[in-house]
Trainee: 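First the structure, which I've put down as structure tokens, then a few questions once you've had a look.
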Amino acid sequence: MSLKVFNTLTGRKEKFISREEGKVYMYVCGPTVYNHIHIGNAYSYLIFDVIKRYLSYKGYKVIHVQNITNIDDKIINQSIEENISASEISEKYETAFWKVSDELNILRPDFSTRATEHIDNMIEMIKVLIDNGYAYVSGEDVYFSVDKFKSYGKLSKKNLNELIEGYRVCVTKGKKKPYDFALWKAAKPDEPKWDSPWGEGRPGWHIECSAMSLKYLGMGFDIHGGGKDLIFPHHENEIAQSEAYSGTEPFVKYWLHNGFMNIDKVKMSKSLKNWVFAKDVLEMYNPNVIRILSLSTHYRNDVDYSPKILNAYKQAYNKFLNTIHDINIVLSQEEQNTGKSVIDKIPSLKKEIDSLRLNFESAMDDDFNTALALSYIFKFAREVNRFAHLSLLKLTSDIKQILIRAKNIIIELTSILGLDLSEEEISKFRISEKYDKKKLEREINNTASKIYNKVFKLYPQDATKLSSSIISKSNLEDKIETILSIRNKAREEKNWIIADYIRKILKGIGISIKDTPLGTKWRKEY
RNA sequence: GGCGGCAUCGCCAAGUGGUAAGGCAGAGGUCUGCAAAACCUCUAUCCCCAGUUCGAAUCUGGGUGCCGCCUCCA
């Protein structure tokens with residue numbers, strides 16, 4: 001089975017053949033760092049992260065370039081707004097961008113290219129465009145002459161007449177044609193500026209992506225990605241500039257565009273002010289939940305953002321965690337030699353493992369159908385749950401082996417989707433600044449003291465372990481274990497009121513527990 | 001005004017000619033001290049109309065509704 005991708009340029013799914021065998025050169029449009037990124041921006045980066053991960057899984061060495069647009073009108077406007085310099089704005093929001101990107105488990109690009117560090121490359125390119133007659137100087141501005149580039153519109157399927165008729169085409173003085181676009185803009189007083197043959201100014205928006213992608217990836221690179229709103233004019237203009245500059249085509253082999261993240265069916269956009277910052281969503285939801293939401297529909301479709309839907313996928317994510325958690329519980333048993341009934345189910349589970357991988361790959365090979373790929377993993381999880389439930393009785397070495405394989409393939413395949421099912425995620429506390437450990441510690445200490453008050457008369461000796469002087473010294477895991485030991489004492493004495501009380505207040509701080517034949521197990525919920 | 005996309009169970013959603021994946025929610029059941037989790041069972045004929053076909057959610061035509069691009073936008 002070979003990979004097929006939907007190419008915006010041709011409008012159909014095509015077999016993916018990389019320029020160089022075993023390597024994929026990929027450019028993804030990155031953020032303009034004038035504000036925090038919203039969840040729709042994050043969606044795009046997340047999609048291409050999964051594409052990159054899957055290509056790596058397929059054995060390609062992926063060379064991934066992503067720009068940071070750190071000079072732009074919006075940055076200048078924001079610097080006036082916040083009354084700090086443009087460079088301070090871009091530094092501030094670039095830092096914020098990486099923080100969110102890392103939290104979302106998005107792999108860093110191989111080259112993160114800042115526009116301002118490539119001004120020379122852009123000037124060089126503009127010079128050539130002027131020399132070749134594709135661009136003209138108007139005052140201290142430089143414009144690209146769209147009429148000169150014959151195949152203009154091939155990506156967005158627009159023709160120039162339509163553009164002229166479009167009532168929204170703005171006419172700017174200095175342009176020969178309304179659809180010409182700026183390659184270089186003269187600086188107004190107090191604006192950031194760079195020297196150029198045409199005077200002091202800054203580059204137009206589109207030129208940076210051409211200059212930087214060509215510098216790092218060269219003409220004819222494999223994948224160029226971004227949101228579908230970039231198709232026109234941004235990517236259309238990139239093609240025009242790059243192919244006019246090089247005199248060859250194609251600029252890019254495969255153009256991939258993701259759909260939008262909508263709110264109430266409407267695109268998240270600056271003008272409607274209906275965006276939600278990714279950082280704010282991350283305060284409320286586990287990054288894995290955001291991923292599952294993003295991957296539960298095909299990347300070219302729009303996906304709706306809402307707390308209701310996010311909560312549904314939170315449950316879905318919990319399903320994965322529970323499966324791994326339950327496997328771990330079964331595996332924590334002592335091995336035995338007399339596993340009876342389940343033994344004969346091993347071959348069928350083995351078969352499921354093999355077909356899961358094949359199904360996963362065929363789904364992903366079909367233009368990265370993550371929704372289908374996920375559904376196979378869910379289906380498999382049910383098989384494993386059924387098996388693990390049965391084998392809770394006896395753990396033989398054969399059963400142990402197959403369960404470890406089952407667990408590993410779930411972890412492997414979900415990690416291609418960028419999901420994290422690590423031990424920390426499942427049963428322990430994540431060492432992460434996002435989850436405020438101090439707050440959690442306070443909550444648990446609080447809970448311990450509540451329980452202490454409740455039980456110290458009943459179990460004076462055991463309760464001592466919960467006294468604030470002792471409990472405050474132990475680590476988070478030990479605190480929980482101590483609390484559970486008290487609860488189990490109560491359960492032994494069939495004091496269900498105390499036992500249920502403890503379970504209830506632990507639940508209140510996000511610790512869920514389950515009583516199993518192998519003892520009481522707990523995990524932190526997110 | 002031009003161009004384009006979408007419409008599948010209560011919600012999210014896969015499926016592009018062969019008889020409707022998966023997740024969430026709901027109902028009943030098994031297990032459990034009770035829970036939780038898990039498992040089992042149940043819940044749609046695919047916006048409407050017409051057509052092509054042995055056969056259509058899937059193709060064609062018409063209609064309705066929603067959304068996007070044409071201006072910065074992932």
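Convention: sequence-line order gives letters A, B, ...; per-chain numbering from 1.
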Trainee: Can you check the A:Ile513 CD1 to B:rA36 P distance for me, whole Å?
Mentor: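 Interatomic distance, CD1 of A:Ile513 to P of B:rA36: 12 Å.
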Trainee: For A:Arg12, answer base if it contacts any base atom (sugar-phosphate contacts may also be present), sugar-phosphate if it contacts only those atoms, and nothing otherwise; contact means non-hydrogen atoms under 4.0 Å.
Mentor: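 Here A:Arg12 touches no strand at all.
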Trainee: Would you please determine if the base of B:rG33 is stacked by A:Trp496, with stacking meaning a centroid separation under 5.5 angstrom and planes under 30 degrees?
Mentor: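 According to the criterion (under 5.5 Å, under 30°), yes, A:Trp496 stacks.
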Trainee: Nearest whole angstrom, please: distance from the C1' of B:rG22 to the CG of A:Leu419.
Mentor: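 Distance, rounded to whole Å: 15 Å.
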Trainee: To the nearest angstrom, how far is A:Lys379 atom NZ from B:rA14 atom C1'?
Mentor: 10 Å
Trainee: How is A:Asn369 classified with respect to the nucleic acid when contacts are heavy atoms under 4.0 Å: base, sugar-phosphate, or nothing?
Mentor: sugar-phosphate
Trainee: Mind checking A:Thr297 for me? I need base, sugar-phosphate or nothing, with any heavy atom below 4.0 Å counting as a touch.
Mentor: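 Sugar-phosphate, no base atom in range.
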Trainee: Counting heavy atoms from C-beta on, name the nucleotide in B:rC67, B:rA35, B:rC24 closest to the side chain of A:Asp515.
Mentor: B:rA35
Trainee: Is A:Asn385 close enough to B:rC39 that one of its side-chain N or O atoms is under 4.0 Å from OP1 or OP2 there?
Mentor: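 For A:Asn385, the contact criterion (side-chain N or O under 4.0 Å from OP1 or OP2 of B:rC39) is met.
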Trainee: Need one value for A:Arg300: base, sugar-phosphate or nothing, where a base atom within 4.0 Å counts as base even if backbone is also close, heavy atoms only.
Mentor: nothing
Trainee: Atom CG of A:Leu518 and atom C1' of B:rA36: how far apart are they, to the nearest Å?
Mentor: 16 Å
Trainee: For A:Ile231 and B:rC69, what is the distance between atoms CD1 and C1' respectively, to the nearest whole Å?
Mentor: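 Answer to the nearest Å: 8 Å.
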Trainee: Let's see if you can work this out: which of B:rC69, B:rC24, B:rC12 has an atom nearest to the side-chain heavy atoms of A:Lys158?
Mentor: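 Of all the options, the side chain of A:Lys158 is nearest to B:rC69.
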Trainee: Look at the aromatic rings of A:His234 and A:His206 and report parallel, tilted or perpendicular, splitting at 30° and 60°.
Mentor: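 Tilted, since the angle between the ring planes falls between 30° and 60°.
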Trainee: Under 4.0 Å, heavy atoms only, any strand: does A:Lys267 hit a base, just the sugar-phosphate, or nothing?
Mentor: base
Trainee: Could you list all N or O pairs between the protein and nucleotides 4-10 of chain B that sit under 3.5 Å apart?
Mentor:
none

Trainee: For the pair made of CG in A:Leu295 and C1' in B:rG23, what is the distance, rounded to whole Å?
Mentor: 13 Å
Trainee: Can you tell me if A:Thr323 touches the phosphate of B:rA37, counting only side-chain N or O atoms and a distance under 4.0 Å to OP1 or OP2?
Mentor: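 Negative; the distance criterion is not met.
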Trainee: Between B:rA37, B:rC67, B:rC39, which nucleotide gets closest to the side-chain atoms of A:Asp326?
Mentor: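 Within the option list, the nearest is B:rA37.
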Trainee: Where the side chain of A:Ser296 is concerned, which of B:rA35, B:rC12, B:rG23 is the nearest nucleotide?
Mentor: B:rC12
Trainee: Identify whether the distance between the nearest side-chain nitrogen and carboxylate oxygen of A:Lys176 and A:Asp147 falls below 4.0 Å.
Mentor: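 Salt bridge between A:Lys176 and A:Asp147, a charged N being under 4.0 Å from a carboxylate O: no.
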Trainee: By the 4.0 Å heavy-atom rule, please label A:Phe48 as base, sugar-phosphate, or nothing.
Mentor: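 The residue A:Phe48 makes no contact with any strand.
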Trainee: With no hydrogens and no angle check, just 3.5 Å: does a side-chain donor-acceptor pair link A:Ser306 and A:Asp304?
Mentor: no
Trainee: Any base atoms under 4.0 Å from A:His298, or only sugar-phosphate, or nothing? Heavy atoms, all strands.
Mentor: sugar-phosphate
Trainee: Hey, does the side chain of A:Arg386 come within less than 4.0 Å of B:rA38's phosphate (OP1/OP2), counting only N and O?
Mentor: no
Trainee: Assess, by modelled atom type and distance only, whether the side chains of A:Tyr93 and A:Asn70 contain a donor and an acceptor separated by less than 3.5 Å.
Mentor: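 Result is no, nothing qualifies.
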Trainee: Side chain of A:Pro233, heavy atoms from C-beta onward: which of B:rG22, B:rA13, B:rC70 has the nearest atom to it?
Mentor: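 Selected nucleotide (nearest to the side chain): B:rC70.
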Trainee: Mind checking if A:Lys319 touches a base, just sugar-phosphate, or nothing, with heavy atoms under 4.0 Å?
Mentor: sugar-phosphate
Trainee: Under 6.0 Å from the CG atom of A:Asp354, do we count more than 12 heavy atoms belonging to anything else shown?
Mentor: yes
